[in-house]
There are 4 protein chains.
Amino acid sequence: MKSTSKTIETPVMSNKYAQKKVVAIEAAAQVFADKGFHGATTQDIAAVMGIKQGSLYYYFRSKEQALQEVCEYGFENYVAQMDKICARAQPFQATMQMIITSHLTNYRQKNNAMKVHNDQRLYLPKERRVLLKELGTKYRRLLESTISDGISSNALRADIDPHFVAYSIIGICNSWGAYLVRDEALDLFDTIEQCADLVLRGILN
Amino acid sequence: MKSTSKTIETPVMSNKYAQKKVVAIEAAAQVFADKGFHGATTQDIAAVMGIKQGSLYYYFRSKEQALQEVCEYGFENYVAQMDKICARAQPFQATMQMIITSHLTNYRQKNNAMKVHNDQRLYLPKERRVLLKELGTKYRRLLESTISDGISSNALRADIDPHFVAYSIIGICNSWGAYLVRDEALDLFDTIEQCADLVLRGILN
Amino acid sequence: MKSTSKTIETPVMSNKYAQKKVVAIEAAAQVFADKGFHGATTQDIAAVMGIKQGSLYYYFRSKEQALQEVCEYGFENYVAQMDKICARAQPFQATMQMIITSHLTNYRQKNNAMKVHNDQRLYLPKERRVLLKELGTKYRRLLESTISDGISSNALRADIDPHFVAYSIIGICNSWGAYLVRDEALDLFDTIEQCADLVLRGILN
Amino acid sequence: MKSTSKTIETPVMSNKYAQKKVVAIEAAAQVFADKGFHGATTQDIAAVMGIKQGSLYYYFRSKEQALQEVCEYGFENYVAQMDKICARAQPFQATMQMIITSHLTNYRQKNNAMKVHNDQRLYLPKERRVLLKELGTKYRRLLESTISDGISSNALRADIDPHFVAYSIIGICNSWGAYLVRDEALDLFDTIEQCADLVLRGILN
DNA sequence: AATGAATGAGCATTCATTCAT
DNA sequence: CATGAATGAATGCTCATTCAT
């Protein structure tokens, strides 16, 4: 019992900080997603958190650090989802459906951090992108080997380039993701379905 | 007559001015494409033009005005191209090929203005986007009716949504366009071909 | 008796506090000596003490208060030494030797508080310098009457101005003291000897 | 005529800038001398110049740059004076008199830049002290060889260390210089004379 | 006795913009 | 046409200080 409660209690203090740090990251994500990294001010972020500007530096060493953490937070989550999806043994089409669903659902649920990662990570200096690069590589590999597997299993045409297709899927999804964020009336499931249909079957008769 | 007098009336200076104004717009486009609207400084733009910061205001009333003009310049060009492409009477696949070619070629030729329009136009206040909206509508209509025509002519499946497909194509093209800008080694014609193939035939076997 | 009761009255906690207060003063002295008053942060001082920034205020009401206490601590010590030296009945040259030794030894032993007093006390508002002024007066009198005595006893030339000479000696010593702090290889006894020699005999042949 | 006027006219614009830059350096010198580098604000300097804070950056790239330029300005002047003094063929005592006069006169004439160099140059990062180090070396050499010459010519005792004596003279002069700045009533010529007398003849009977 | 958390004021610096020349 | 010079407002960031716990 004790040990159980301990396991829960021990990180109480750091938990409080950790909890509020997450709040901080999400506030920053929201603001960066809205105004872009350079268009956002630390004041904006602090306002979303309900604290004063100076206090923000209790959670981030700098604005750039905040961008880095937002990007990592958003991308880590997303890559973890991909990992789970690709780990399941299931036919190709189901996997593709889930990947698109995961991607677009993230946007609709205002996963601002992912949007920020996609749109603003290039404003980070290279040193701050090391982890992101690793995650990106992992992610691309997951997607590309999913497609390669699809080819091997004859589900997909043999003459497509997995790398090219992977990148294209990301492109379509990001494009529709941005749309989903801007237009709340847009139906999520409809969008998912059409994306998948387009990618899988093309438009030719 | 009228047109003649007009051509004559605009004095030489105006011509010189107009020429240098284009230089200014392209300089601004380059800088905005590189650093984003908020990340760019008027000093950056002036430096590219080889003039001093204050002199820039001879060409733009404000930084925002510069962004607006860059966006309009880039998009006008592009929509004009679309117009020409769609005006030709030719089979659907040829049209689609040309559209994608036009889009991606623009990126490869560092048509920064188009990139700026795509990535940064939302930083303009709504009032400054009136013309852009009109152009966008025209553009979407051209693309969508091309697709609708494709459906009518039985070239395309009847169950696709022209609006959705149009938007998706733009998404893929922008995504690959950004890639083409970043990676100079990437082959342009290869990319065009694969884009078209993916959109037209999908990936399923 | 009195002294005994005093020693007993101050409770154990006070003792512990007093001990740690000295640690605090010496930490502040070190940091102020290194970075100057305005260049130092309370965080720096706390770090030297191994406590957190906020906790520093248990020992000092303010940063300025800390500077004041450091100065007083450093100067009181030094003036007390002077007092002892001047109280001894000994020939003038021996006294002068001891004064210079005392001054320079303090620097070499990283008596940062003295350095801070010499270099930074002017950043204190006048109200905070009352005690320091008294100490300074006492110190100057000690030094000047030592010199006056030297004149009376015919050890020194009759035509020198005790005030001027006193101030000059302090100047030389501070100058060499700073050097001693910066260059650890510099020999202490050598320096003392040469200082004394210069002051006493000048450089003329 | 033309050429004459040209020679004068050509640098007119840069002259205006250069003139005001000197004003800027002297304003910075005054403020740094008063409050120390870290205690001074760019606002203080701007106020002395009668311009707004932001405009200061038209003359200095940064506050640190300002400190560097002040130090160099102050020290260059002083070393140049030394150069002239030491170049003259004259007996040792006359040279020494002039050196002390030059040093103390600079202080009395509120040569704040020299004071700043003496007291604040250590707050500059090493990279910013390259020129200052060179000047310092030159200066020390001038002073030391003056003393060495004094020894050679039998004017000075053979058993003194030129380096030590040089440094001590600087120490005394700086000490009295600070005094001269603080106490306007102090007589300049008196101080010079006593400094020289002390250094040359010592205090022993 | 100490700390985590927050604050507010200040500060260096940047930058769009203006304007006389 | 262009520039030098200046401005003012903003912005990221630091830091002394406070206080509940």
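These values consider heavy atoms only, across backbone and side chains, with no hydrogens, waters or symmetry-generated copies. Throughout, a chain's letter reflects where its sequence line sits, starting with A, and its residues are numbered from 1.
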Without decimals, in angstroms, what is the distance between [X] [atom1] and [N] [atom2]?
| X | N | atom1 | atom2 | result |
| --- | --- | --- | --- | --- |
| C/Leu56 | F/dC15 | CG | C1' | 13 Å |
| D/Tyr17 | F/dG4 | OH | P | 11 Å |
| B/Lys35 | E/dT14 | NZ | P | 13 Å |
| C/Asp44 | F/dT14 | CG | C1' | 12 Å |
| C/Ile45 | F/dT17 | CD1 | P | 10 Å |
| A/Ile51 | F/dG12 | CD1 | P | 14 Å |
| A/Phe60 | E/dA6 | CZ | P | 13 Å |
| A/Gln53 | E/dC11 | CD | C1' | 12 Å |

Taking the side chain as C-beta and beyond, is there a heavy-atom pair between A/Glu64 and A/Pro125 under 4.5 Å?
yes
How are the rings of [X] and [Y] set relative to one another: parallel (under 30°), tilted (30 to 60°) or perpendicular (over 60°)?
| X | Y | value |
| --- | --- | --- |
| D/Tyr17 | D/Tyr58 | perpendicular |
| B/His38 | B/Tyr123 | perpendicular |
| A/His117 | A/Phe75 | parallel |

When we call it a touch if two heavy atoms are under 4.0 Å apart, what does [X] touch: a base, just sugar-phosphate, or nothing?
| X | value |
| --- | --- |
| A/Tyr59 | sugar-phosphate |
| D/Ala40 | sugar-phosphate |
| C/Thr42 | base |

So which nucleotide does E/dA2 pair with, by the Watson-Crick or G-U wobble rule with both distances under 3.5 Å?
F/dT21
Once you apply the 3.5 Å cut-off to both distances, tell me the Watson-Crick or G-U wobble partner of F/dC13, or none.
E/dG10
Is it possible for you to check whether B/Lys63 lies under 6.0 Å from the centre of the six-membered ring of B/Phe37, through NZ or CZ, and within 45° of that ring's axis?
yes
Please check the phosphate of [N] (OP1 and OP2 only) for any side-chain N or O of [X] closer than 4.0 Å.
| X | N | value |
| --- | --- | --- |
| B/Ser62 | E/dA16 | no |
| A/Lys52 | E/dA5 | no |
| A/Tyr58 | E/dA6 | no |
| B/Lys20 | F/dA2 | yes |

Per A/Lys63 side chain, nearest of listed nucleotides F/dC13, F/dC15, E/dA5:
F/dC13
Here's a test of your reading of the structure: between D/Gly54 and D/Thr41, which maps to the more 5' nucleotide of DNA chain E?
D/Thr41
When you compare the side chains of D/Gln65 and D/Arg128, does any donor N or O come within less than 3.5 Å of an acceptor on the partner?
yes
For A/His38 and C/His38, find the nucleotide of DNA chain F closest to each by heavy atoms; which residue's nucleotide sits nearer the 5' end?
A/His38
Judged by each residue's nearest nucleotide on DNA chain F, which is more toward the 5′ side, C/Glu64 or D/Ser55?
D/Ser55
